[in-house]
Participant: 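I have a structure I would like to understand better, so I am pasting it below and will then ask my questions one at a time.
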Amino acid sequence: MDERIIIIGAGEAGIRAALTLRQQGCRTPITLFGDEPHAPYERPPLSKAGGGEPVAIGDLVAMERVELRLGERVEHIDRAHRQLVTQHGERLPYRQLLLATGARARRLVLPGLAADAALTLRTLDDARRIFARVAPGKRVVIVGGGFVGLELAAALIGKGARVSLLESQPRLLQRAVPAELARIVEEEHRARGVALYLGAGIARAEPRGEGARLTLDDGRELEAELLVAGIGSEPNTQLAAGAGLALDNGIAVDAELRTSDPAIFAAGDCCSFPHALYQQRLRLESWRCAREQGETAALNMLGGRHAYAPAPWFWSDQFDLGLQIVGLSHVAERTLCRELGERARLLFHLDRDGRLLAASGIGPGNAVAKDIKLAERLINLRARPDPVLLADPGVRLKQLLSTATGEVA
């Protein structure tokens with residue numbers, strides 16, 4: 001039996017797993033497959049004002065003696081023989097396998113339009129395709145008021161485009177962000193020139209050159225010289241399903257990121273896992289989660305027994321505003337607000353017993369970053385801070401953390 005470790009997926013989770021294996025002294029041969037021909041790169045910059053050019057991280061992998069097989073797909077996993085089959089028909093045996101296959105953008109399906117009429121943003125090639133078609137005055141319609149759609153709207157406004165954004169829900173960031181903070185984001189986008197259509201459905205679509213004419217449910221019409229869909233993603237589970245692995249909103253793993261086959265692990269956007277803090281199975285699409293899960297999976301592939309359980313952390317840049325969230329706010333019973341000045345505030349989300357479950361904040365630049373980091377530590381400690389002190393901007397969160405840990409502030 002070949003002692004090789006194989007990682008499928010050259011995104012954040014796969015890369016961090018490979019680096020961690022080497023950093024922990026693993027001398028086993030490691031092969032890492034990536035669908036894209038590009039050297040591995042960081043995905044967060046793709047939707048931001050830099051124009052879609054990412055920070056490459058491939059050199060780190062090459063330095064750590066990992067065999068990179070880029071632009072090459074794995075077609076099948078033969079669990080019975082612990083082998084995988086590549087697109088070229090090659091069979092490769094493995095001792096352990098990590099699935100870090102990520103997720104793919106959902107396509108916008110509109111009667112009357114071709115399946116690829118609306119561009120999506122998930123990969124470097126996607127970003128280059130979108131930004132190459134943007135010019136001052138160009139009419140861009142983005143469908144979807146989540147993180148990706150809003151970040152892209154901000155980036156394209158910065159390049160002089162005329163941007164309209166459609167969201168079928170009554171507000172922006174419906175699933176991920178508390179309404180109070182979403183309103184601040186909405187106000188900022190309107191002030192910067194983004195035309196927002198909330199609670200808007202598309203009744204009809206007709207092709208117009210490279211774009212489309214959209215008729216909304218209320219009869220209004222929009223001309224899109226460029227149409228982009230930011231309507232979420234779907235986990236890439238095809239390989240896992242073909243191999244007979246358990247699925248549950250992604251590849252189902254245990255707290256230590258093992259799949260239903262003990263020789264196969266999964267990490268990142270493609271998998272769902274039981275979270276001890278929130279007592280539910282989660283699938284997280286987050287840069288930090290992918291990184292941490294890749295590292296955790298690697299440690300467990302080396303014999304560790306590390307459960308992945310930190311509070312999830314998300315961030316987004318909205319023009320000059322920094323939005324950060326740690327934990328799951330939607331499961332909370334009570335929310336407290338700490339005002340930090342113009343356009344800056346923190347929200348603390350507690351359960352019925354006063355335990356801090358989540359914190360969310362927004363402000364210029366990194367105005368809330370330090371407080372969110374301190375709140376994260378309180379959440380992971382299962383702390384029950386005094387609600388009056390939480391809401392008081394005159395009380396430092398470090399003081400509350402010191403109380404929770406018994407440390408001196």
Participant: Between T296 and H306, is any side-chain donor less than 3.5 angstrom from a side-chain acceptor?
Facilitator: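 Side chains of T296 and H306: no pair found under 3.5 Å.
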Participant: Can you name the one residue among L98, L92, L97 that meets side-chain contact (heavy atoms from CB on, under 4.5 Å) with Y94?
Facilitator: L97
Participant: Would you say the side-chain atoms of W315 and Q324 include a donor-acceptor pair closer than 3.5 Å?
Facilitator: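 No.
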Participant: Is it true that atom NZ of K373 has more than 12 heavy atoms of other residues, nucleotides or ligands lying nearer than 6.0 Å?
Facilitator: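 Check fails, neighbour count at 12 or below.
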Participant: State whether a side-chain donor-acceptor pair under 3.5 Å links E167 with Y197.
Facilitator: no
Participant: Does a donor on one side chain and an acceptor on the other come within less than 3.5 Å for H275 and Q280?
Facilitator: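 Side chains of H275 and Q280: no pair found under 3.5 Å.
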Participant: More than 12 foreign heavy atoms under 6.0 Å from CG of D320: is that the case here?
Facilitator: yes
Participant: Do R283 side-chain atoms and D269 backbone N/O form a donor-acceptor pair below 3.5 Å?
Facilitator: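 Yes, because the side chain of R283 sits within donor-acceptor range (under 3.5 Å) of the backbone of D269.
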Participant: Assess whether side-chain hydrogen bond (donor to acceptor under 3.5 Å, both in side chains) is satisfied between S233 and E285, documenting all intermediate values.
Facilitator: CA-CA 9 Å; S233 65; E285 296 182 24; 2.6 Å; yes
Participant: Taking the side chain from R162 and the backbone from V194, do they hold a donor-acceptor pair closer than 3.5 Å?
Facilitator: no
Participant: Classify the ring geometry between H38 and Y41 as parallel (under 30°), tilted (30 to 60°) or perpendicular (over 60°).
Facilitator: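 Aromatic pair H38/Y41 classed perpendicular.
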Participant: Checking side-chain polar atoms at under 3.5 Å, does E3 have a donor or acceptor matched by the opposite partner on T28?
Facilitator: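 E3 vs T28: no donor-acceptor pair found between side chains.
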